Amino acid sequence: MTYNTLYRNTIMLLKKAGNEAPAFDTMCLFEDILGMNRHSLIINGNVEVSENDRKKIEASAQKRAEGYPLQYILGKWSFMDFDFFVGEGVLIPREDTSVVVKLCIDEIKTLKKEAPKILDLCAGSGAISVVLSKLIPQSTVTAVELYEKAAYYLRKNISLNQCKNISSVIADVFRDISLFENQQFDVIISNPPYIISSEISQLQKEVRFEPETALSGGIDGFDFYREIIGSWSRLLKKNGLMVFELGENQFDTVKNMLLENGFSDINYALDIQKIKRGISGIKYS
């Protein structure tokens, strides 16, 4: 079997499985497993594939056809031009989150916070923490994550991206605020679990491979927003900023939570589908 034949067979397998981007996923597998990009495939397409390489591609393609996330197969994924290790037990960084990070950075600039102290709750892989620490190098970031599997990737990604201004803490948003009572922050940001718990079984197959603890926001999807806004906002300095990622149709409810807890100047950011994906508010007192 030649590389060209293997390439075509892999695309066909993924297409039959209902994969939305079979050619892209196949090329990613070829690059990761074989070190072969599109250019080298053109040059070497008629070369015979070794039995070992064929088996590696076919095994990974079968996992992908069954809905296993491509990012988990590759073990690494890019977010806002930075690389992140990912695997079972941690939420995969998504492009939607980039609008939340950009909203946060814009608000920090508007408030002229030159060396902001940032608290990232439900930090997961550390995607938000790492990007903020790199794009605002004078910042100090505390990344809080409860689950050890996710915290493992958080620590790896802090190291991978050589972030000297991030500290990671294992803590529960609902129980461990006392660990931070003697600290004050300029910014609290979170991409919390926000999916209604009863709807998780209806998600795309590949999303259901991700940890439910990183997805479920409780009966109505707002458990984490209520807790963070109601309790953690007291850790904000004067003119402190709070920023969240939102699920679809959650903006109005979270906006009202912020207003009821003394926040004003509510702002939002739209994702590529024009959904209000990010929200921010300022607490002046």
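Just so we're clear, the structure is a prediction, and the values are computed from it rather than from any experiment.
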Q. Same cluster for F180 and M242 if Ile/Leu/Val/Met/Phe/Trp/Tyr side chains link at under 4.5 Å?
A.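 Same hydrophobic cluster.
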Q: If a pair satisfies salt bridge (Lys or Arg N to Asp or Glu O under 4.0 Å) and one of its residues is in residues 92-107, list it, with sequence neighbours excluded.
A: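 Counting only pairs at least two positions apart or across chains, the salt bridge (Lys or Arg N to Asp or Glu O under 4.0 Å) contacts touching residues 92-107 are R94-E210, D96-R277.
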**Q.** Any pair counted as salt bridge (Lys or Arg N to Asp or Glu O under 4.0 Å), so long as it reaches residues 148-174, sequence neighbours left out
**A.**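 Sorted result for residues 148-174: E148-R155, D172-R175.
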Heavy-atom closest pair, residues [X] and [Y]:
X: C163; Y: K134; value: SG-CD, 3.8 Å
X: G89; Y: Y72; value: N-OH, 4.1 Å
X: G281; Y: I266; value: CA-CD1, 3.9 Å

Partner set under side-chain hydrogen bond (donor to acceptor under 3.5 Å, both in side chains) for [X], not counting sequence neighbours:
X: S231; value: E227
X: S167; value: none
X: T2; value: T5
X: S168; value: none

Q: Determine whether the side chains of N256 and T253 contain a donor N or O and an acceptor N or O closer than 3.5 Å.
A: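 No, no side-chain donor-acceptor contact under 3.5 Å.
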(Q) Using the ring centroid of each side chain, check whether F224 and F174 are separated by less than 6.0 Å. (A)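 Yes - the distance between ring centres of F224 and F174 falls below the 6.0 Å cut-off.
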**Q.** Test of ring centre spacing under 6.0 Å for F85 and W77
**A.**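 No, the ring of F85 stays outside the 6.0 Å limit from the ring of W77, centre to centre.
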Q.
Counting C-beta onward and ignoring hydrogens, is there a side-chain heavy-atom pair between V101 and L132 closer than 4.5 Å?
A.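 Yes, side chains in contact.
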**Q.** Heavy-atom check, side chain of S125 versus side chain of L91, under 4.5 Å
**A.**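 A side-chain contact under 4.5 Å is absent here.
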For [X], what residues pass the salt bridge (charged side-chain N to carboxylate O under 4.0 Å, His left out) criterion, not counting sequence neighbours?
X: E58; answer: R54
X: E206; answer: R64
X: D32; answer: none
X: R226; answer: D220, D223

**Q.** Stepwise ring-ring contact (aromatic ring centres under 6.0 Å, His included) test for Y268 and F251
**A.** CA-CA 8 Å; Y268 64 85; F251 174 79; 5.5 Å; yes
When you look at [atom1] of [X], are more than 12 heavy atoms from neighbouring residues, nucleotides or ligands closer to it than 6.0 Å?
X: Y152; atom1: OH; answer: no
X: Q183; atom1: CD; answer: yes
X: M1; atom1: CE; answer: yes
X: I219; atom1: CD1; answer: no

Q: Look at the aromatic rings of Y194 and Y225 and report parallel, tilted or perpendicular, splitting at 30° and 60°.
A: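 It falls in the parallel class, under 30°.
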Less than 3.5 Å apart, which donor and acceptor atoms pair up between the side chains of residues 111-124 and the rest of the protein, not counting sequence neighbours?
| from | atom 1 | to | atom 2 | distance (Å) |
| --- | --- | --- | --- | --- |
| K113 | NZ | N239 | O | 2.9 |
| D120 | OD2 | S129 | N | 3.4 |
| D120 | OD2 | S129 | OG | 2.6 |

Q. Does the ring-ring contact (aromatic ring centres under 6.0 Å, His included) test come out yes or no for F30 and Y7, once each step is laid out?
A. CA-CA 8 Å; F30 267 58; Y7 179 74; 5.6 Å; yes
Q. Is Y147 isolated, or which residues cluster with it under the ILVMFWY side-chain rule of less than 4.5 Å, directly or via members?
A.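 ILVMFWY cluster around Y147 also holds L146.
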